[in-house]
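Just below is one structure, and these are the notes that go with it.
Sequential numbering from 1 along the given sequence is applied to the chain's residues.
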Amino acid sequence: MLSLGKMTANLLQRNKLRTLMGAAGTIGLKTSDLGGGPSRLREIHDFGTNPGALRMFTHLPSGLADQSALVVILHGCAQTAASYDHGAGWSTLADRYGFALLLPEQQRANNPNGCFNWFQPGDTQRGQGEALSIRQMVDKMALDHGIDRSRVYVTGLSAGGAMASVMLATYPDVFAGGAIIAGLPYGAATNVQEAFESMFQSPARPAGVWGDLVRRASPHQGPWPRVSVWHGGMDTTVVPPNAAEIVKQWTDVHGLSATPTLQETVDGYPRQVWRNAEGEDLIESYAIPSMSHGTPLSVGDADDQCGSAGAFLLEVGISSSYHVAKFWGLAEAPHDAAKDQASFERASRRSHDIAGDRAPEQPSFAAPAGAPQIVPVDIRAVINRALKAAGLMKTD
């Protein structure tokens, strides 16, 4: 018979396991709490054999150019592709800067809590399970939309972050870069018990051991993906030392020193950077000291803002989505369609102001006899003049 101490420990472990696996019912969350909003995504049904039985969603900005970049986005436990996109703001950035999005979604039949199975060997090896399903989705996007295969990236939160680690390790020939948010290193766990230990304890391993796990995951010999790491200092679901282990894994793979090349402050938070001999930023790590488990957000309409706060989508004054896109070179200049839309909106506001200045509001009562006649203003003509002035309509 188990001792009282062991029984208590086992009960505590089971409770922690339910929490760490992100069961919405266990932690009192509803789907509507998880950054939900109107979906901008389209589901694609035919993309290969789909051995991992995942769903495929996409978002394409208006006027997507040939040879555009592609970002693969992996949601966390209890989230959906649409809820995470709405919260993290990726479709806003895609429209703003002109790149395509691919958003795989887990099914409850695969994992009751909607988590990607980042700890199951059948889903975390090249050519198998969920990893292969995501690879097939990337191929579908490349074939259908002329994606530049040298500019494919992957990011994810929590279980999605751990699955992003899986994709970077098993398909480094597919991904030019990745971003791991509140996630874990590749190979941290091969079963539920190890997942528990990794998430709550993060056992340290030598950098070479971590690096060997990546090098053995595929026949690829390099070059290796660039990696961005984000973690909250108050995260009790995936403890912060996991970020350091991810950095150890990828500095070893890239053959970089354990000491960062650069340390700076960005939007009030510490950023570390590791560069190669050519001065290229290959790895970056952001620490958000007061943040718990989630994706860092800066919500608003500025160029470096996007998204909507919610459960595991945390307003802390820095947008991880924007800075990750910038790290990958995707936030260099606004997309032409986005610029046209912004110009149109400016012209519309201008025409509204002009119309307001020149067209006094008509009274709701009959004018007294002998009052001066109000000459109606041709509002369409006013708007046309404003659009011509903004360069959005050809002059005669």
**Report entry** Ring-ring centroid check Tyr171 His220, cutoff 6.0 Å
**Finding:** no
Query raised in the report: Cluster question for you: counting only ILVMFWY and a side-chain heavy-atom cut-off of under 4.5 Å, with indirect links fine, are Met234 and Leu297 together?
Result: no
**Report entry** Closest contact, heavy atoms only, Arg108 versus Pro112
**Finding:** NH1-O, 2.8 Å
Requested in this report: For Glu130 and Gln120, run side-chain hydrogen bond (donor to acceptor under 3.5 Å, both in side chains): C-alpha distance rounded to whole Å, both residues' side-chain angles, the deciding distance at 0.1 Å, then the answer.
Outcome: CA-CA 10 Å; Glu130 292 175 13; Gln120 298 286 8; over 6 Å; no
Report task. Using the side-chain hydrogen bond (donor to acceptor under 3.5 Å, both in side chains) rule, take Ser68 and His145 through it: C-alpha gap first, then chi angles, then the decisive distance, then the call. Result -> CA-CA 8 Å; Ser68 72; His145 304 292; over 6 Å; no
Requested in this report: Would you check, one step at a time, whether the test ring pair (Phe, Tyr, Trp, His ring centres under 6.0 Å) holds for Phe200 with Phe196?
Outcome: CA-CA 6 Å; Phe200 278 93; Phe196 162 74; 5.6 Å; yes
Query - Expected output: side-chain Trp224 to main-chain Pro172 donor-acceptor under 3.5 Å - result: no
Query raised in the report: How many angstroms lie between atom CG of Leu101 and atom CG of Leu41, to the nearest 0.5 angstrom?
Result: 8.0 Å
**Report entry** Within-4.5 Å side-chain heavy-atom neighbours: Met199 and Thr237
**Finding:** yes
Query raised in the report: So, the side chain of His254 versus the backbone of Pro225: is there a donor-acceptor pair under 3.5 Å, distance only?
Result: yes
Report task. Please round to the nearest 0.5 Å and tell me the distance separating atom SG of Cys115 and atom CD of Gln79. Result -> 10.0 Å
Query raised in the report: In the single-linkage hydrophobic clustering (I, L, V, M, F, W, Y; side-chain heavy atoms under 4.5 Å), do Val229 and Val239 co-cluster?
Result: no
Report summary line: Separation between CD1 (Ile283) and OG1 (Thr251), nearest 0.5 Å, reads 5.5 Å
Query raised in the report: Under a 4.5 Å side-chain heavy-atom rule over Ile, Leu, Val, Met, Phe, Trp and Tyr, are Val273 and Ile318 clustered together?
Result: no
Requested in this report: State whether the side chain of Thr92 and the backbone N or O of Cys306 hold a donor-acceptor pair below 3.5 Å, judged by distance alone.
Outcome: no
Query raised in the report: Less than 4.5 Å apart, any side-chain heavy atom of Pro296 and any of Ile181?
Result: yes
Query - Geometric class of the Tyr286/Trp230 ring pair [parallel <30°, tilted 30-60°, perpendicular >60°] - result: parallel
Requested in this report: Please say whether more than 12 non-hydrogen atoms of neighbouring residues, nucleotides or ligands are located less than 6.0 Å from CD in Glu264.
Outcome: yes
Query raised in the report: Do you reckon Val266 sits in the same ILVMFWY cluster as Leu262, going by side-chain contacts under 4.5 Å, direct or chained?
Result: no
Report task. Could you tell me whether the side chain of Arg226 and the main chain of Glu280 form a donor-acceptor pair under 3.5 Å? Result -> no
Requested in this report: Please assess Thr170 against Tyr186 for the test side-chain hydrogen bond (donor to acceptor under 3.5 Å, both in side chains), listing each intermediate value before the final yes or no.
Outcome: CA-CA 9 Å; Thr170 56; Tyr186 175 70; over 6 Å; no
Report task. Could you grab the distance from atom CG of Asp144 to atom CZ of Phe47, nearest 0.5 Å is fine? Result -> 12.5 Å
Report summary line: To the nearest 0.5 Å, atom CD of Gln67 lies from atom CD1 of Ile147 at 8.5 Å
Report summary line: What one should report as the nearest heavy-atom pair of Pro121 and Gln128 is O-OE1, 4.2 Å
Query raised in the report: Between Asp212 and Arg205, does a salt bridge (charged side-chain N to carboxylate O under 4.0 Å, His left out) hold up when you go through it step by step?
Result: CA-CA 11 Å; Asp212 285 344; Arg205 301 183 194 180; over 6 Å; no
Query raised in the report: With distance as the sole test, does Thr124 use its side chain to make a donor-acceptor pair with the main-chain N or O of Val166 at under 3.5 Å?
Result: no
Report task. For the residue pair Tyr153 and Trp328, categorise the inter-ring angle as parallel (less than 30°), tilted (30 to 60°) or perpendicular (more than 60°). Result -> parallel
Query raised in the report: Do Met137 and Thr58 have side chains that get closer than 4.5 Å, going by heavy atoms?
Result: no
Query raised in the report: If you round to the nearest 0.5 Å, how far is CZ of Phe175 from OG of Ser150?
Result: 13.5 Å
Query raised in the report: Counting distance only, does the side-chain N/O of His86 pair as donor-acceptor with the main-chain N or O of Arg40 below 3.5 Å?
Result: no
Query - From CA spacing to verdict: salt bridge (charged side-chain N to carboxylate O under 4.0 Å, His left out), Arg135, Asp139 - result: CA-CA 6 Å; Arg135 166 62 194 272; Asp139 287 342; 3.3 Å; yes
Query raised in the report: Between the main-chain N or O of Leu184 and the side-chain N or O of Ser165, is there a donor-acceptor pair closer than 3.5 Å?
Result: yes
Report task. Establish, from distance only, whether the side-chain atoms of Asp304 and His323 form a donor-acceptor pair under 3.5 Å. Result -> no
Query - Check: Thr261 main-chain N/O paired with Gln263 side-chain donor or acceptor under 3.5 Å - result: no
Query raised in the report: Can you tell if the side chain of Asp235 reaches within under 4.5 Å of the side chain of Ser292, non-hydrogen atoms only?
Result: no
Query raised in the report: With a 4.5 Å heavy-atom cut-off, do Leu54 and Asn110 have their side chains touching?
Result: yes
Requested in this report: Could you verify whether a donor N or O on one side chain and an acceptor N or O on the other, from Gln272 and Ser285, lie under 3.5 Å apart?
Outcome: no
Query raised in the report: Side chains of Lys140 and Leu102: does their closest heavy-atom pair fall under 4.5 Å?
Result: no
Query raised in the report: Does CG belonging to Asp66 count more than 12 external heavy atoms closer than 6.0 Å?
Result: yes
Query raised in the report: Any sub-3.5 Å donor-acceptor pair from Glu194's side-chain atoms to Phe119's backbone N or O?
Result: no
Report task. State, yes or no, whether a side-chain contact exists between Leu168 and Trp250 at a heavy-atom distance under 4.5 Å. Result -> yes
Query - Residue pair Glu245, Gln249: steps toward the side-chain hydrogen bond (donor to acceptor under 3.5 Å, both in side chains) verdict - result: CA-CA 6 Å; Glu245 299 302 301; Gln249 184 166 62; over 6 Å; no
**Report entry** Trp90 vs Leu103 side-chain heavy atoms within contact, under 4.5 Å
**Finding:** no
Query raised in the report: Is the backbone of Glu43 close enough, under 3.5 Å, to the side chain of Arg55 for a donor and an acceptor to pair up by distance?
Result: no
**Report entry** Nearest heavy atoms of Trp210 and Pro185, plus distance in Å
**Finding:** CZ3-CB, 3.6 Å
